[in-house]
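First comes the structure, then the notes that go with it.
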Amino acid sequence: METRTVLIVLFEGVQSLDLTGPLEVFSYANRFRHRDGRPAAYAVTTAAAGGHPVRTSSGLLVTPDEDLNSAAVPELLLVPGGEGTRTPDAEVVAWLREHGRRPEQVVSVCTGAFLLAEAGLLAGRRATTHWAYCDTLAGRFPEIDVDAEPIFIRDGHVATSAGVTAGIDLALALVEEDLGREIALAIARNLVVFLRRPGNQAQFSVQLATQTARSEPLHEVQQWITDNPAADLTVEALARRASLSPRHFARAFTAEVGMPPGRYVDRVRLEAARRHLEDTTDGIAAIAHRCGFGTSEAMRRAFLRTLGVNPAEYRRRFQPGHRKERDADRDPAV
């Protein structure tokens, strides 16, 4: 692979982690390449309108490498998010509108999707952003097919990602395409994110994605489901725990939690299985039984339906490697 040019756009109120997360991934890729005596994979440049320093949303002052208005069009354009996207810099949007279709790849992190949308780069595409802003993005730009579920989405040469750490996942996916899986895994381990998450993994856990029931019986039932995924979690059994009729329970649970009890149970069981695959070496059949799926085939269907990968592939992507592999991946700069 020849060195690819990368341009990261800066602006007032940029989210520092949206900038530094992908930047660290590309930097590690270069370190591993240098360790093997090969040229850098990525030549990264930062640019802001006028070339002036910008202050991030957390107060960090960042000096760009160059003026955005005179920057060369890169092969990979990365647009981070942050509070500054709420009132977009007109110069940044104008530059994106004029030059944003020319790079081989265009990537946004978090609310950087709003800048791409303002520049017309997401029209007719499927896209995502931080889950808290997906409704706003869809409302302001109805021409975009907004999906709040995945951590990143790729539609043609344009990729959008969810909040903060999802930018790392997307950057790792790009490195894997460019340099191979071994390098991507080595970078992930050194960043202590283990293995990269597949793009269609949910942005948040089921507990964060749903509401907490207000009434005490239903709140206790929610906790029971989480603690006992292999138990009898039919509507009838859960209704008995809440001392309600099945019909009343199902209606009240849906109203307070935001989804029917059956769907909630499915998501809790899937999340429990994911944790077991990541954190243990237990067999898939045993995990399926422990997490309430009954059979490994039922768990396989659930994983394919929701995550797009089977349990074995999920474990291969997520479970940390053996000590020997980790030693071989040790940061060459340390």
Side-chain angles (χ1 to χ4, degrees), residues 4 6-11 13-29 42 44 46 56-57 74-86 88 92 96 100 103-119 121-123 125-138 141 144-178 184 187-188 191 193-205 208-209 307-309 317-318:
R4 296 186 66 193
V6 180
L7 178 65
I8 301 179
V9 177
L10 303 182
F11 49 86
V14 67
Q15 163 64 256
S16 57
L17 283 176
D18 289 0
L19 157 67
T20 58
L23 183 59
E24 287 293 337
V25 171
F26 297 138
S27 175
Y28 266 100
Y42 304 97
V44 183
T46 58
T56 71
S57 55
E75 294 169 286
L76 171 59
L77 174 66
L78 190 147
V79 181
E83 293 179 2
T85 61
R86 297 178 185 176
V92 171
L96 290 172
E104 294 176 3
Q105 290 182 302
V106 178
V107 172
S108 69
V109 181
C110 197
T111 54
F114 282 84
L115 297 180
L116 297 188
E118 290 282 357
L121 300 177
L122 296 182
R125 296 185 184 277
R126 182 167 167 259
T128 193
T129 186
H130 189 290
W131 63 269
Y133 299 100
C134 281
D135 287 345
T136 303
L137 183 65
F141 303 96
I144 302 173
D145 179 11
V146 179
D147 189 344
E149 184 72 8
I151 59 173
F152 65 82
I153 290 175
R154 306 190 64 176
D155 188 334
H157 76 292
V158 179
T160 52
S161 60
V164 186
T165 57
I168 295 175
D169 294 296
L170 180 51
L172 286 169
L174 297 174
V175 168
E176 182 173 343
E177 288 184 1
D178 292 338
I187 296 169
L191 291 176
V193 292
F194 295 120
L195 310 182
R196 85 174 162 83
R197 295 178 290 175
N200 56 352
Q201 185 172 335
Q203 289 194 32
F204 32 60
S205 69
L208 292 176
L307 299 177
V309 294
R317 294 187 183 190
F318 278 84

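All of these numbers come straight from a predicted model, not from anything done at the bench.
Residues Ala148 and Trp131 share a closest heavy-atom pair of O-CB, 4.4 Å. Here the closest heavy-atom approach between residue Val158 and residue Leu121 is recorded as CG2-O, 4.2 Å. When all heavy atoms are compared, the tightest approach of Pro22 to Leu19 is CD-O, 3.7 Å. Here the closest non-hydrogen pair linking Leu122 and Ala127 is CD1-CB, 4.1 Å. In this structure, Ala166 and Ser161 approach most closely via the heavy-atom pair O-CB, 4.0 Å. Contact record, Pro150 with Ala162: O-CB, 4.2 Å, taken as the closest heavy-atom pair.
By the 4.5 Å heavy-atom criterion applied to side chains, Tyr42 and Glu75 are not counted as neighbours. Taking 4.5 Å as the limit, every side-chain heavy atom of Gln15 sits out of range of all side-chain heavy atoms of Pro80. Counting heavy atoms from C-beta outward, Leu170 and Val107 have side chains that approach closer than 4.5 Å. A 4.5 Å side-chain heavy-atom check between Ile187 and Val175 finds at least one atom pair inside the cut-off. Inter-residue side-chain proximity for Pro103 and Val106 is flagged as met; some heavy-atom pair is nearer than 4.5 Å. Taking the side chain as every heavy atom from C-beta outward, Val6 and Pro74 never approach each other to under 4.5 Å.
Once rounded to the nearest 0.5 Å, the distance linking OG1 of Thr165 with CG of Leu17 reads 9.0 Å. Considering CD of Glu118 and CG of Leu96, their distance stands at 10.5 Å, rounded to 0.5 Å. Rounded to the nearest 0.5 angstrom, Thr46 OG1 and Leu10 CG are separated by 5.0 Å.
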Verdict with supporting geometry, Phe11 and Thr85, side chain to side chain contact (heavy atoms under 4.5 Å, CB included)
CA-CA 9 Å; Phe11 49 86; Thr85 61; 3.8 Å; yes
Between Val109 and Leu78, is the side chain to side chain contact (heavy atoms under 4.5 Å, CB included) condition met? List the steps.
CA-CA 8 Å; Val109 181; Leu78 190 147; 4.2 Å; yes
Test side chain to side chain contact (heavy atoms under 4.5 Å, CB included) applied to Gln105 and Leu174, step by step
CA-CA 10 Å; Gln105 290 182 302; Leu174 297 174; 3.5 Å; yes
Given the rule in the side chain to side chain contact (heavy atoms under 4.5 Å, CB included) test, do Phe114 and Leu137 qualify, once you have shown the distances and angles that lead to the verdict?
CA-CA 7 Å; Phe114 282 84; Leu137 183 65; 3.8 Å; yes
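No donor-acceptor pair closer than 3.5 Å links the side chain of Thr129 to the backbone N or O of Cys134. No donor-acceptor distance shorter than 3.5 angstrom exists from the side chain of Thr128 to the backbone of Phe152, with no hydrogens or angles considered. Although no hydrogens or angles enter the test, the distance criterion places a donor-acceptor pair under 3.5 Å between the side chain of Asp155 and the main chain of Arg126. Ser27 places no side-chain N or O within 3.5 Å of a backbone atom of Leu23 that could act as its donor or acceptor partner.
Residue pairs meeting the salt bridge (Lys or Arg N to Asp or Glu O under 4.0 Å) criterion with at least one partner in residues 15-28, sequence neighbours excluded, are absent.
Partners of Asp178 according to the salt bridge (charged side-chain N to carboxylate O under 4.0 Å, His left out) rule, which considers only residues two or more places apart in sequence or in another chain, are Arg4.
Heavy atoms from other residues, nucleotides or ligands lying under 6.0 Å from CG of Asp145 number more than 12.
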